[in-house]
Amino acid sequence: MPIATTNPATGQVLKSYDPMSEEQVDAAIERADLAYRQLRDTTVAQRGRWLTAAADLLEADRDETARLMTTEMGKTYAAAKAEVTKCAAACRFYAAKAAEFLADEPADAGAVSATRAFVRYQPIGPVLAVMPWNFPLWQVMRFAAPALMAGNTGLLKHASNVPQTALLLEDLFRRAGFPEGAFTTLLVGSAEVDRVLSDPRVRAATLTGSEGAGRSIAQIAGRELKKTVLELGGSDPFVVMPSADLDRAAEVATTARCQNNGQSCIAAKRFIVHADVFDAFAERFAANMSALRVGDPMDPDTDVGPLASEGGRDEIHAQVRDAVDKGATVLCGGEPPAGPGWFYPPTVVTDLRPEMRMWSEEVFGPVAGLYRVSSYDEAVEVANGTSFGLGSNAWTRDPDEQERFAADLDAGNVFVNGMTTSYPELPFGGVKNSGYGRELSALGMREFCNTKTVWVGEGAATAGAGAHAE
């Protein structure tokens, strides 16, 4: 089956590729293994120069790269340019911080009867990355930048609807100076993931995607005894309490729900509002959502572009119709427009109940569920009443409530009076069915390192630890 770019604004197939043969995949894995043996012996400083060169290339090619992403998956051109800029910043962050993150950590030698004792972080080998289409550059970069800086190599199995972005990433790292094979794109379907991850030369895997895909990867990796990091779906709560700045909360709620055309794992999806301010917030929120302009993602005046696929558009409409058929109320939106492209209007649905699909399922599009609660305890109960636990938002100016939300929300990320997002400086990941492990920060770099204990007894040389970093 061809791997193709289909413009979601028109439904037109623009470019297609034949999947790689088994022989081509095996050759790519071999190149990745050979490149790892070379890359692990380079200095952190050298790898930093290559990653900085990648950042320079991203910035120089920003507009062209952004246009390609918009064409492949429909995000607005403005959002695509911001994504390229964020990727360049992440490259610079890891180029600057890797020596610190990988430095030997001294331990209490006396406590373990040694003359020296320390922890060393070393690369483990080729890492398979199975990545989604919604942030086709950023999702890959937040794995690739720290992995390459640690001395690992990458094998990318990207989503099949963004093949040109996938190939662009391979070319980016080659142009930046990394050894041939340090980062390779595998143009293969999902059925090939088992064989690639089972190959003994591939040492670990990272996946961002659906819960089902995560279970599949974890099963293969468990059988093969290989490390995995999984960032899966989310149904993030956005809690609004009586003391919140309602104008600001409603403004951020609109962005938080419709960022990336509503196709983000950490987009706020369930808006849980205290009864004292429910009507006032709902009015503001629905008005803001209704005011968003849906249209051509290349038009600078467009706020929301198309969904990435026709199937994705049909699925969220089915979720909305299921809620309406069971008694929910649509405050705005709710019907796909006529004409070409896979567009869906910003939609707000309230009067939700547990028997409706929207109550428990992730809605991957610009559709918000609105919930009325009567207390802090009920707000937390509804917020945590899902199998997911990726991001969360709480809006309150009460310092005690802020501290309680930070402790009580069952999620990998808690953002108080702000929109959930990812930063290279902070760890990112989830709990429950949203996955395990962390990306970004020092933790993200060390996920694919051998955390090696080194114990040195009497009579050894006294050279200081950490010299390997440069």
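Below, each value reflects all heavy atoms present in this structure, side chains not excepted, and no hydrogens, waters or symmetry copies.
- For R357 and D325, the salt-bridge test fails: no basic side-chain N is under 4.0 Å from an acidic carboxylate O.
- Of the N and O atoms on the side chains of S198 and R223, at least one donor lies less than 3.5 Å from an acceptor on the other residue.
- Using a 4.5 Å cut-off on side-chain heavy atoms (C-beta onward), R248 and W395 make contact.
- Side-chain atoms of V252 and N393, non-hydrogen and from C-beta on, never get closer than 4.5 Å to each other.
- Residues N260 and M73 are in side-chain contact: their nearest non-hydrogen atoms beyond the backbone lie under 4.5 Å apart.
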For this session: Could you give me the CA-CA distance, side-chain angles and deciding distance for T153 and R31, then say whether side chain to side chain donor-acceptor pair (under 3.5 Å) is met?
Result: CA-CA 10 Å; T153 55; R31 288 194 300 272; over 6 Å; no

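- For the ring-ring contact (aromatic ring centres under 6.0 Å, His included) condition, no pair includes a residue of residues 54-81, sequence neighbours left out.
- The residue from M356, Q319, M358 that alone fulfils the side-chain contact (heavy atoms from CB on, under 4.5 Å) condition with V349 is M358.
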For this session: Please step through side chain to side chain contact (heavy atoms under 4.5 Å, CB included) for the pair F448 and R203, ending with a clear verdict.
Result: CA-CA 9 Å; F448 296 116; R203 298 307 313 147; over 6 Å; no

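- Here the shortest heavy-atom pairing between P346 and V294 reads CD-CG2, 3.5 Å.
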For this session: Test side chain to side chain contact (heavy atoms under 4.5 Å, CB included) on W50 and L148 and set out the steps.
Result: CA-CA 10 Å; W50 289 332; L148 291 169; over 6 Å; no

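- Side-chain atoms of Q402 come within 3.5 Å of backbone atoms of T396 as a donor-acceptor pair (strictly under, hydrogens ignored).
- In this structure a side-chain-to-backbone donor-acceptor pair under 3.5 Å is present from K326 to E355.
- With salt bridges taken as basic N to acidic carboxylate O contacts below 4.0 Å, none links D199 and K226.
- Between L169 and M131 the shortest side-chain heavy-atom distance does not fall below 4.5 Å.
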Problem set entry | CA sep, side-chain torsions, deciding dist, call: T5, E72, side chain to side chain donor-acceptor pair (under 3.5 Å) | CA-CA 6 Å; T5 294; E72 287 207 298; 2.5 Å; yes

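- Remark: the backbone N or O of I124 is paired with a side-chain donor or acceptor of N152 at under 3.5 angstrom.
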For this session: Could you please spell out the steps behind the side chain to side chain contact (heavy atoms under 4.5 Å, CB included) verdict for N161 and S309?
Result: CA-CA 9 Å; N161 60 329; S309 70; 5.8 Å; no

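- The ring of F178 has its center no closer than 6.0 angstrom to the ring center of F183.
- In terms of the ring-ring contact (aromatic ring centres under 6.0 Å, His included) criterion, F415 has no residue partners (sequence neighbours excluded).
- Taking all atoms of both residues into account, the shortest heavy-atom contact from F143 to G154 is CZ-CA, 4.0 Å.
- Taking the charged nitrogens against the carboxylate oxygens, R438 and E447 have no contact shorter than 4.0 Å, which rules out a salt bridge.
- In this structure, K269 fails the cation-pi test against F364, since its NZ or CZ atom is not both closer than 6.0 Å to the six-membered ring centre and inside 45 degrees of the ring normal.
- The shortest non-hydrogen separation linking S392 to L409 is OG-CD1, 3.7 Å.
- A donor-acceptor pair is defined here as one N or O able to donate and one able to accept, closer than 3.5 Å; such a pair exists between the side chain of R257 and the backbone of V367.
- Between F285 and V273 the shortest side-chain heavy-atom distance does not fall below 4.5 Å.
- Looking at K432 and T386, their side chains never bring a donor and an acceptor atom within 3.5 Å of each other.
- When atom types are taken as modelled, the side chain of R47 and the backbone of M149 share a donor-acceptor pair closer than 3.5 angstrom.
- Comment: D314 does not engage R321 in a salt bridge, judged by the lack of any side-chain N to carboxylate O separation of less than 4.0 angstrom.
- Under a cut-off of 6.0 angstrom, the local environment of CD in Q219 is sparse, with at most 12 non-hydrogen atoms contributed by other residues, nucleotides or ligands.
- Relative ring orientation between W359 and Y371 is described as perpendicular, the plane-to-plane angle rising above 60° on a 0-90° scale split at 30° and 60°.
- Judged by distance alone, the side chain of R270 and the main-chain N or O of V382 form a donor-acceptor pair under 3.5 Å.
- Applying the ring-ring contact (aromatic ring centres under 6.0 Å, His included) criterion to F388, with sequence neighbours excluded, gives no partner residue.
- N384 contributes a side-chain N or O that, together with a main-chain N or O of D408, makes up a donor-acceptor pair within less than 3.5 Å.
- P306 has its side chain out of reach of N7: every pair of non-hydrogen atoms, C-beta onward, lies at least 4.5 Å apart.
- In this structure, T70 contributes its side chain and K75 its backbone to a donor-acceptor pair below 3.5 Å.
- For the ring-ring contact (aromatic ring centres under 6.0 Å, His included) test, no residue two or more places apart in sequence or in another chain qualifies with Y94.
- Applying the side chain to side chain donor-acceptor pair (under 3.5 Å) test to K15 and every residue at least two apart in sequence or in another chain returns nothing.
- Residues D296 and T302 have side chains that never bring a donor and an acceptor to within less than 3.5 angstrom of each other.
- Side chain of H158 to backbone of T185: no donor-acceptor contact under 3.5 angstrom is found.
- The 12-atom threshold is exceeded at CD of E425, counting heavy atoms of other residues, nucleotides or ligands nearer than 6.0 Å.
- The shortest heavy-atom contact between L51 and C91 is CD2-O, 3.3 Å.
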For this session: Show your working on side chain to side chain contact (heavy atoms under 4.5 Å, CB included) between M69 and F135 and close with a plain yes or no.
Result: CA-CA 9 Å; M69 285 194 288; F135 291 92; over 6 Å; no

For this session: Give the C-alpha distance, both sets of side-chain angles, the deciding distance and a yes or no for side chain to side chain donor-acceptor pair (under 3.5 Å) between D61 and T65.
Result: CA-CA 6 Å; D61 299 339; T65 301; 5.4 Å; no

For residues 329-345, dump all side-chain donor-acceptor pairs below 3.5 Å to protein atoms at least two apart in sequence or in another chain.
from: T329; atom 1: OG1; to: D351; atom 2: OD2; distance (Å): 2.6
from: Y344; atom 1: OH; to: H317; atom 2: ND1; distance (Å): 2.9
from: Y344; atom 1: OH; to: G334; atom 2: O; distance (Å): 3.2

For this session: Any chance you could lay out the side chain to side chain donor-acceptor pair (under 3.5 Å) test for N433 and E211, step after step, and finish with the verdict?
Result: CA-CA 7 Å; N433 288 1; E211 185 180 341; 3.0 Å; yes

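- Salt bridge D63/R67: absent, no basic N to carboxylate O contact under 4.0 Å.
- Proximity of a side-chain donor or acceptor of N261 to a complementary backbone N or O of G74 within less than 3.5 Å is detected.
- P146 places none of its side-chain heavy atoms less than 4.5 Å from the side chain of E439.
- When side chains are defined from C-beta on, E192 does not count as touching M20, because their heavy atoms never get closer than 4.5 Å.
- If you run side-chain contact (heavy atoms from CB on, under 4.5 Å) between L207 and each of T228, V229, L232, only L232 comes through.
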